[in-house]
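Structure, as structure tokens:
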Amino acid sequence: MGLISLLIFLPLAGAVLIALGPREKPGLLRGIALTTSVATFLLSLGLFTRFVAGEGGFQLVEMRPWVPGLGITYRVGIDGISLFLVLLSTLLSVVAMAASWSDIKVRVKEFMICLLFLETGMIGVFVALDLFLFYVFWEVMLIPMYLLIGIWGNPGRRIYAAVKFFLFTMFGSLLMLVAILVMYFYHGKTTGIYTFDLMSWYNLKLPLSMQVWLFLAFGLAFAIKVPMFPFHTWLPDAHTEAPTVGSVLLAAVLLKMGTYGFLRFNLPLFPEATVMFVPLLAGLSLVGIIYGALVAMVQVDVKRLVAFSSVSHMGFVVLGIFALNVEGMTGAMLQMLNHGFSTGALFLIVGMIYERRHTRMIADFGGLSTVMPVFATFFLIVALSSIGLPGLNGFVGEFLVLLGAFQAEPLWAVVAGLGLILAAVYMLWMFQRVMFGEVDKEENRGLKDLNLREAALLLVMVFFIIQFGVYPKPYIDRIEPSLKLVLKRVEERGAPLRPAAATAAEKPAAATAPQHFTTQHHN
Amino acid sequence: MIDKIWLVVLFPLLGVVINGLAGIKLPRKVIGAIGSLAILGSFITACLIFVEVAGHGSAERVSEVVLFTWIGCGSLQVNAGFLVDPLSLVMMLTVSGVSFIIHVYSTGYMAEDEGFRRYFTYLNLFVFFMLILVSANSFLLMFVGWEGVGLCSYLLIGFWYQRQAPADAGKKAFVVNRVGDYGFLLAMLLIFVTFNTLDFNKVFAAAPQVLEKGGLAVTLMTLLLFVGACGKSAQIPLYVWLPDAMEGPTPVSALIHAATMVTAGVYMVARCATLYSMAPISMEVVAIIGCLTALFAASIGLLQNDIKRVLAYSTISQLGYMFLACGVGVFTAGIFHLVTHAFFKALLFLGAGSVMHGMSGELDMRKMGGLKTKMPWTYGTFLIGTLALAGIFPFAGFFSKDEILWAALQKSPALWLGGAVGAFMTAFYMFRAVFMTFHGESRIESHVHVHESPGSMILPLCVLAVLSVAGGWIGLPLIAGGNQLKEFLQPLFSVAGHAAPAEQAAHEVGLEITMMLVSLGIALSVIGLAWFMYIKKPLLLEKLSARFSSLYRLVYNKYFVDEAYDALIIQPIKNSSLWLWRLFDEKVIDGAVHGTAALVLGASGALR
């Protein structure tokens with residue numbers, strides 16, 4: 001069994017072990033779950049060390065016939081686009097396990113099984129190179145998250161939120177399934193080979209009319225997942241009602257599946273349609289950036305505020321992707337990872353004060369800096385990372401996205417840039433109301449500062465928040481070549497449709513620029 | 001030594017790390033010492049580098065030190081690197097020097113404060129970012145420092161976060177600065193697509209070939225950069241955050257909101273002199289905004305009763321002069337004024353802090369008076385600062401301000417007139433402050449026990465007072481036989497081949513001396529007027545304000561600009577956001593979703 005398969009099946013094995021374990025000993029079950037996820041994470045570091053930087057194609061590919069008669073293969077592998085998303089999933093799974101330590105007290109057994117199932121699903125989605133396999137993982141992931149919200153969510157609206165989450169996602173998934181089957185049969189009809197292999201599909205040239213429909217079907221599934229305006233309304237509900245761990249994984253990993261889907265499937269499979277739909281998708285992401293920020297500003301519930309800020313931030317990601325240039329797309333990829341850390345950490349933080357006060361209303365807090373100074377420091381750094389302060393992670397991604405957007409269409413950057421101003425407004429205003437001022441509520445006076453476990457969790461997040469901001473090179477070096485391949489595919493086939501064909505001609509020159517500059521600096 | 005330039009920023013960072021992480025176990029004296037010594041380390045390093053660079057011929061004074069690739073993606077290559085040249089060195093020296101003095105002062109001023117460690121951590125972090133700002137070799141790295149100092153400003157304005165006003169003021173400062181930063185950001189994007197690099201030297205070297213003089217691209221770039229400068233350096237229309245920033249501890253006002261951070265915009269414009277020189281329209285905009293701000297802020301300063309607010313408006317006004325200088329093409333004069341202003345404005349703020357310290361936190365000058373005997377050292381040094389700011393010979397401000405006005409006159413009599421009127425107002429409001437605070441009868445409330453400040457605060461005042469006297473002589477105008485600062489800086493602004501005409505114009509020595517004497521004479525008579533109105537005949541003032549009551553109210557309320565912004569920008573955005581959420585998110589989108597669900601349910605029921 002290869003490394004990637006090991007990563008997929010280890011959490012599953014852990015889940016089986018827990019299922020067999022004694023229900024009366026929740027501590028033991030937690031221990032097994034945590035050990036499994038830590039082991040998975042440590043193993044996943046092997047992906048990073050074995051990954052050859054500078055190579056754009058798929059690496060560490062494993063292949064095994066599954067249902068040969070139908071052309072279904074168990075085929076997994078990673079490239080620069082998926083590498084860090086897998087690492088993000090394994091790391092955040094550990095964080096989630098540790099974060100749920102004192103939070104989840106009922107049905108611990110089922111909870112841990114859900115989390116491990118979810119981990120398998122997340123890793124699987126990012127490594128699957130066979131569309132059937134991909135779809136299986138995509139659906140597998142849906143169920144534990146639905147249960148996390150529906151069972152361990154906040155009593156009250158959790159059922160509504162869970163069902164809403166399920167229906168929105170399911171609606172998109174079904175359309176995607178139809179599209180996958182259409183692709184499958186078209187491929188079979190034109191080439192005589194019936195297969196779900198993504199590589200083979202990449203070589204297929206589809207007529208434009210068909211591309212348009214398939215782009216829309218895949219695109220809708222991904223747009224809902226991102227979520228893009230106006231398909232975002234499931235997100236605030238899901239986030240607010242989900243337990244902390246659910247929110248963290250939802251924001252940090254699950255949303256990325258939408259943007260990942262665009263990069264992995266929509267762009268390379270339907271290049272002409274991609275170019276055609278650029279105005280629509282860029283337009284919607286711009287609306288999302290501004291709309292999400294404006295609505296975040298007037299929220300009274302911290303979690304809802306963070307949820308709407310996600311809509312705004314994910315708008316940047318989609319904008320970067322559809323800028324269709326190296327800078328924008330790399331920025332989008334970085335922003336996906338950054339958002340994982342920043343927003344993941346924000347949800348952890350909200351969870352920590354929720355656990356203490358059992359409220360998420362901004363108005364119920366005030367002056368927490370005085371009673372929780374260590375917490376205040378972490379919160380501040382995370383909030384600043386979320387508003388894209390240079391030197392922290394968010395800035396690198398956002399700047400590259402803006403740069404890419406500006407090159408594609410200056411107006412996009414002009415509009416998106418306004419999102420940065422608004423981000424400062426809603427984030428700092430919330431921070432002020434929660435953390436600053438007098439401690440004017442009796443309940444807040446005795447709040448305990450972070451314990452060691454909580455501080456360690458946030459320290460991990462803050463470490464990456466700073467590391468990404470100061471030295472993003474290791475990530476960029478591995479991400480960029482894969483994106484260039486995607487871009488090449490889009491430009492080769494979609495270029496005739498682009499109004500500004502000149503950008504394609506400029507790229508080779510840009511690609512040589514790095515060597516040129518580095519040699520100069522060594523002198 | 002030049003390749004050790006990274007030490008300049010490393011020292012403050014070490015201070016942040018040590019005090020921030022380990023400081024919790026350290027006694028206050030040690031924390032203060034670590035904080036101050038870190039900055040002293042930067043200052044000494046900067047001095048050593050300065051000596052080395054000054055020893056080179058003027059052609060070899062520019063060098064770059066690159067540490068590592070920060071962001072390398074596609075055609076964007078940005079290094080963590082330093083640009084060592086006369087301009088960045090002058091800034092580094094000013095920043096680290098003044099910072100050190102203010103750190104020492106702070107050990108006394110903040111001695112009793114609960115947040116002592118937090119204070120020094122933030123202050124060191126500020127110096128770290130400020131030094132990055134002035135030593136960065138690219139626009140993007142400069143932007144790191146640029147937003148970093150904004151962050152520290154936010155943290156330090158809101159240092160006493162338990163109270164509403166400082167927390168509000170901090171947030172206001174950050175957000176208004178973000179508006180400016182938006183301009184900076186767009187400018188960078190435009191610069192990058194034009195030059196394919198963000199390195200200063202590469203951009204400036206390529207500018208004459210790539211850009212068309214007076215063309216749309218360069219005009220847009222420089223105007224957008226200037227939006228950033230307006231935010232950071234508190235110019236119309238983005239100045240509104242600076243007066244509120246006075247909610248922070250007074251040494252912070254001295255360091256960040258007078259001597260260093262707020263001058264970053266001027267530094268940036270001077271750094272981009274090559275670009276500005278190619279954009280005459282932008283130069284005019286810079287000059288006009290600078291001149292208007294100088295006048296406008298000075299007029300507000302005339303009626304403020306809070307001693308720190310007077311100084312705040314004065315700072316806005318003086319920053320206006322620096323931009324006026326840049327706008328009329330005398331970048332060296334702008335930087336010269338930046339340096340002298342750093343000395344005397346820091347002195348004045350620290351003096352005000354000393355008054356506050358001695359008066360148990362009182363800031364209202366109407367409750368002061370007659371302090372000169374009780375706080376002789378504070379009085380003496382404050383007076384020196386006032387003379388320097390009012391531009392009286394031979395104090396520092398005289399030389400720098402005179403040079404700016406002289407250059408403005410070459411360009412346009414209107415700009416000169418604006419600057420001159422502003423200068424007279426400056427002399428008036430400063431001496432008004434001196435008279436209200438230190439002279440006349442005591443109006444101090446009986447429970448206040450006035451005392452002179454401790455040595456750790458007085459010594460910095462004295463050092464700054466010396467600099468406020470002597471500082472002007474480094475930039476002596478032509479008549480005194482050569483301007484050393486100009487000699488040091490000028491090559492930088494003319495290497496690009498676009499030296500401003502005003503700077504090249506031969507000084508007509510006779511006329512310049514006449515102008516100096518005239519402005520000096522008027523300044524002295526204005527001081528006399530202030531004395532007459534505030535010491536001799538205090539009643540006259542009440543009559544005047546009653547006579548012109550609506551004008552008085554307009555100016556006293558700072559022209560109601562804050563209120564206008566709130567009604568025209570902030571409230572509409574808030575209301576429309578609420579509307580978007582309540583109506584669009586909850587009614588339209590979710591309404592459609594719920595409607596569809598109901599429809600499907602109904603249909604399936606009917607079909608069954």
Side-chain angles (χ1 to χ4, degrees), chain A residues 164 167-168 230-233 236 291 294-295 297-299 325-327 330-331 367 369-370 380 384 389-391 395-396 399-400 402-404 406-407 410 413-414 417-418 420-421 424-425 428-429 432 435-439 470-473 476-477 480 506-507 509-511 513-514 517-518 521, chain B residues 20 66 68-77 79-81 118 129 140-141 143-148 150-151 154-155 158 161-164 166-168 170-171 174-175 177-179 181-182 185-186 188-190 192-193 196-197 573-574 576-578 580-581 584-586 588-590 593 597:
Chain A
K164 198 170 177 184
L167 288 183
F168 264 81
F231 310 110
H232 64 275
T233 58
Y291 183 90
L294 284 176
V295 175
M297 199 162 67
V298 290
Q299 294 305 308
N325 48 42
V326 187
E327 292 85 3
T330 311
S369 281
T370 313
L380 181 69
L384 292 170
L389 190 84
F395 177 71
V396 183
F399 183 74
L400 285 172
L402 286 174
L403 197 63
F406 193 86
Q407 283 169 292
V414 172
L418 292 172
L420 296 182
I421 303 178
V425 176
L428 293 184
W429 191 29
Q432 178 186 359
M435 303 305 291
F436 293 163
E438 295 271 2
V439 192
V470 177
Y471 196 61
K473 193 172 182 301
I476 296 176
D477 285 351
E480 208 182 317
E506 277 168 22
K507 284 303 143 191
F517 277 102
T518 32
H521 294 310
Chain B
V66 171
F68 59 89
T69 303
W70 177 34
I71 303 178
C73 168
S75 43
L76 177 75
Q77 296 291 323
N79 296 311
R118 191 162 53 93
F129 279 124
L140 200 64
L141 193 62
F143 191 69
V144 174
W146 188 268
E147 283 231 317
L151 161 71
Y154 163 78
L155 293 171
Y161 59 81
Q162 291 90 343
R163 289 192 289 118
Q164 178 79 19
D168 279 342
K171 187 186 64 204
F174 197 93
V175 171
N177 268 293
R178 266 267 157 134
V179 176
D181 294 356
Y182 172 65
L185 202 63
L186 291 181
M188 280 199 289
L189 299 178
L190 190 57
F192 182 76
V193 296
N196 221 22
T197 177
I573 290 182
K574 245 190 219 174
S576 53
S577 303
L578 260 177
L580 277 178
W581 176 37
F584 201 76
D585 225 69
E586 300 203 326
V588 178
I589 303 178
D590 270 2
V593 172

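To find a chain, count down the sequence lines: A is the first, B the second, and so on, and within it residues start at 1. In what follows, every heavy atom counts, from backbone to side chain, and hydrogens, waters and symmetry copies are set aside.
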Measure across [X] and [Y] and return the closest heavy-atom pair with its distance rounded to 0.1 Å.
| X | Y | answer |
| --- | --- | --- |
| A/W429 | B/K171 | CD1-NZ, 3.3 Å |
| B/C73 | A/I476 | CB-CG2, 3.9 Å |
| B/L186 | A/A413 | CD2-O, 4.1 Å |
| A/P390 | B/E147 | CD-OE1, 3.0 Å |
| A/V470 | B/W70 | O-CD1, 3.0 Å |

- Item | Distance (rounded to the nearest 0.5 Å) between B/S75 OG and A/N325 CG |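 Interatomic distance, B/S75 OG to A/N325 CG, rounded to 0.5 Å: 8.5 Å.
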
- Query: In Å and rounded to the nearest 0.5 Å, what is the CD to OG distance from A/Q299 to B/S577?
  - Reply: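 Here the interatomic distance stands at 10.0 Å.
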
- Under a 4.5 Å heavy-atom cut-off, does chain B meet the side chain of A/L428, its backbone, both or neither?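 Both backbone and side chain.
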
- Note on the structure: Under 4.5 Å to a heavy atom of chain B? For A/L402 that would be both

- Residues B/M188, A/F399; criterion side-chain contact (heavy atoms from CB on, under 4.5 Å); working and verdict: CA-CA 10 Å; B/M188 280 199 289; A/F399 183 74; 4.0 Å; yes

- Message: For B/F143 together with A/F395, are the ring centres under 6.0 Å from each other?
- Response: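 Here the rings of B/F143 and A/F395 have centres that are less than 6.0 Å from each other.
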
Tell me, side chain or backbone of [X] under 4.5 Å from chain A's heavy atoms, or both, or neither?
| X | result |
| --- | --- |
| B/F584 | both |
| B/D168 | both |
| B/L151 | side chain |
| B/V193 | side chain |
| B/V588 | neither |
| B/L190 | both |
| B/L141 | neither |

Counting heavy-atom pairs under 4.5 Å with chain A, which one of [options] comes out on top?
| options | value |
| --- | --- |
| B/V144, B/D585, B/L580 | B/D585 |
| B/L578, B/V593, B/L185, B/L155 | B/L578 |
| B/W146, B/F129, B/F192 | B/F192 |

Just wondering, do [Y] and [X] contact through their side chains at under 4.5 Å, heavy atoms?
| X | Y | result |
| --- | --- | --- |
| A/L294 | B/W581 | no |
| B/R178 | A/V425 | no |
| A/F231 | B/I589 | no |

Which of the residues [options] is involved in the greatest number of heavy-atom pairs with chain B at under 4.5 angstrom?
| options | value |
| --- | --- |
| A/G331, A/G391, A/P472 | A/P472 |
| A/V396, A/T330, A/V414 | A/V414 |
| A/L384, A/L167, A/L380, A/L418 | A/L418 |
| A/E438, A/Q432, A/M297 | A/Q432 |

- Query: Given the rule in the side-chain contact (heavy atoms from CB on, under 4.5 Å) test, do B/Y182 and A/L420 qualify, once you have shown the distances and angles that lead to the verdict?
  - Reply: CA-CA 8 Å; B/Y182 172 65; A/L420 296 182; over 6 Å; no

